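These numbers were taken from a predicted model, which means no experiment stands behind them.
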Amino acid sequence: MKPARPPRSLKGRALQWLAQREHSRAEMQRKLLPHARALVAQARAGASAQAVEAPEPGEVMAKVVEVLDWLEAHQYLSQQRFAESRIHARAARHGNLRIQQELAQHGVVLDAASAQALKASEFDRAREVWSRKFAAPAADAAGRARQARFLVSRGFSAETVRRVLRQVGAGPDED
C-alpha cells in the first residue's frame, strides 16, 4: 500500500489551477478558502491533543490573501490576463453586455482600450452570430422578434441588434 501523500500547499493548488487556465483573484480566493480552512484545522489538530476548535475566519483569510499577494507579485495571477482570456473565449458568441457582466461577476473591470476594441467589433460579431443561427431574414414581425430576442439574450446591445436585423432584412445589394 502506498503511503499517504501530504496535502498540497495552498500555493501548490493555486499554481496547478493557474496552469490549467487564467483565474480572477476573486475566483482563486473562493477556490482556496475551503483548503485553507482544512489546512489550518489540520495544523491545529497536530499542535494540540485537545479538542480541535474551528479555525478563525481572519486566520484563514490571512493565509489565502498571503498566497494571492504572492501569486500577483510573481505575475502568476493577473487580472488583465484573465480579462483578455475571458474576452477571447467569449467574443465569438456573446455581446459586450454579457462579457462585461461576466467579468463583473469575477470582480474585473475592462480597461478603456479593451472596452473600445470590443465595442468596435460588436456589430460584426452580432452579424456572425445571427448568420450561424438563422439562414434567412424573418418573414414576419414574430420572426424578427424571435431573432432580436436571440441576439439580446447573447448580450448584444439593442442598437446593435436593430442594425443587424435592419441590414439582413435589406439584403446584400441594399444598405
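- Summarising the local packing, CZ of Arg8 is surrounded by more than 12 heavy atoms from other residues, nucleotides or ligands at distances under 6.0 Å.
- Note that the CD atom of Glu122 and the CZ atom of Arg163 stand 9.0 Å from one another [nearest 0.5 Å].
- Linking Ile, Leu, Val, Met, Phe, Trp and Tyr residues whenever their side-chain heavy atoms come within less than 4.5 Å leaves Val109 and Ile99 in two separate clusters.
- For Glu159 and Arg162, the salt-bridge test passes: some basic side-chain N is under 4.0 Å from an acidic carboxylate O.
- When every heavy atom of Ala14 is checked against every heavy atom of Val67, the shortest pair comes out as CB-CG1, 4.4 Å.
- Arg81 contributes a side-chain N or O that, together with a main-chain N or O of Tyr76, makes up a donor-acceptor pair within less than 3.5 Å.
- No side-chain heavy atom of Ser85 sits under 4.5 Å from any side-chain heavy atom of Arg21.
- A chain of hydrophobic side-chain contacts below 4.5 Å, direct or via other Ile, Leu, Val, Met, Phe, Trp or Tyr residues, connects Leu18 to Leu68.
- In this structure, Phe150 has its ring center no closer than 6.0 Å to that of Trp130.
- In summary, Lys63 and Glu59 do not engage in a salt bridge, as defined by a charged side-chain N under 4.0 Å from a carboxylate O.
- Taking OG of Ser24 as the start and CD of Gln105 as the end, the distance is 10.5 Å to the nearest 0.5 Å.
- Separation of atoms CG (Leu32) and CG (Leu71) is listed at 8.0 Å; rounding is to 0.5 Å.
- Among all heavy-atom pairs drawn from Ala36 and Val64, the shortest one is CB-CG2, 3.6 Å.
- The shortest side-chain heavy-atom distance between Leu33 and Met61 falls under the 4.5 Å cut-off.
- The backbone N or O of Arg90 lies less than 3.5 Å from no partner atom in the side chain of His94, so there is not a single donor-acceptor pair.
- Scanning both residues, Gly143 and Ala138, for their nearest heavy atoms gives C-CB, 3.2 Å.
- The ring of Phe156 has its center no closer than 6.0 angstrom to the ring center of Phe123.
- Under 4.0 Å is where a charged nitrogen must lie from a carboxylate oxygen, and between Arg25 and Asp69 at least one such pair does.
- Minimum interatomic distance between Leu103 and Ala83 (heavy atoms only, all atoms of both residues): CD2-CA, 4.0 Å.
- In the model, Ser114 has a side-chain atom that pairs as donor or acceptor with a side-chain atom of Asp111 under 3.5 Å.
- Thr160 is not listed as a side-chain neighbour of Leu151, based on a closest heavy-atom distance of 4.5 Å or more.
- Within a 6.0 Å radius of CD in Glu72, more than 12 heavy atoms belonging to other residues, nucleotides or ligands are found.
- Taking all atoms of both residues into account, the shortest heavy-atom contact from Ser157 to Leu97 is CA-CD1, 4.0 Å.
- The distance from the CD atom of Gln101 to the CZ atom of Arg98 is 7.5 Å, given to the nearest 0.5 Å.
- Using a 4.5 Å cut-off on side-chain heavy atoms (C-beta onward), Arg125 and Asn96 make contact.
- There is a path of hydrophobic side-chain contacts, each under 4.5 Å, that joins Phe134 to Leu165.
- Looking at Phe82 and Glu27, their side chains come closer than 4.5 Å, going by heavy atoms from C-beta outward.
- Grouping the Ile, Leu, Val, Met, Phe, Trp and Tyr side chains by contacts below 4.5 angstrom, directly or via other members, places Leu77 apart from Val108.
- At least one side-chain heavy atom of Ile87 sits less than 4.5 Å from a side-chain heavy atom of Leu110.
- A donor-acceptor contact closer than 3.5 angstrom links the side chains of Gln167 and Arg127.
- Side-chain contact check for Leu39 versus Val60: every heavy-atom pair is 4.5 Å or farther apart.
- Arg86 contributes atom CZ, which lies 4.5 Å from atom CD of Glu102 (distance to the nearest 0.5 angstrom).
- Interatomic distance, CZ of Arg149 versus CZ of Arg144, reported as 12.5 Å (0.5 Å rounding).
- In the displayed structure, Gln75 atom CD is contacted under 6.0 Å by at most 12 heavy atoms of other residues, nucleotides or ligands.
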